[in-house]
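Structure first, commentary second.
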Amino acid sequence: LLEAEKADIKQAWLGGFALSIFLASMNFMLGVGLIYGGIMLSQERQDTAFTYSEAVQGTNGTSIISVCAYNCGDVYSPFNLVPSEPNMTCAASNYEDFKFQC
């Protein structure tokens with residue numbers, strides 16, 4: 001009877017360990033998927049960024065106006081927009097290029 005009890009304890013231990021790995025694998029795969037998705041989304045956001053300039057017809061002819069951004073730490077934020085001086089780049093106006101995404 002002692003051998004049967006030892007086998008039962010061993011079986012319970014191995015079964016519990018297998019069940020815990022089975023249940024933990026779902027959470028692990030969910031975490032890996034979220035990290036992978038976040039990296040892919042961030043990479044796509046950076047890859048599709050582009051600067052924007054527009055030709056504006058004025059009384060003195062056509063001027064090129066660029067959409068620039070203050071350097072507030074996030075060049076993707078729409079709350080720090082400022083137009084450049086006519087026919088000047090953002091860098092020449094002491095601003096950074098604002099990054100748009102599709």
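- Not one N or O on the side chain of Ser42 forms a donor-acceptor pair closer than 3.5 Å with the backbone of Ile39.
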Would you mind writing out the side-chain donor-acceptor pairs for residues 25-37 within the sub-3.5 Å range, not counting sequence neighbours?
residue	atom	partner	partner atom	Å
Ser25	OG	Phe22	O	2.7

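- Within a 6.0 Å sphere centred on CG of Leu2, other residues, nucleotides and ligands contribute more than 12 heavy atoms.
- The distance from the NZ atom of Lys10 to the CG atom of Asp8 is 12.5 Å, given to the nearest 0.5 Å.
- Think of Leu41 as one node in a network of Ile, Leu, Val, Met, Phe, Trp and Tyr side chains linked at under 4.5 Å; it has no links at all.
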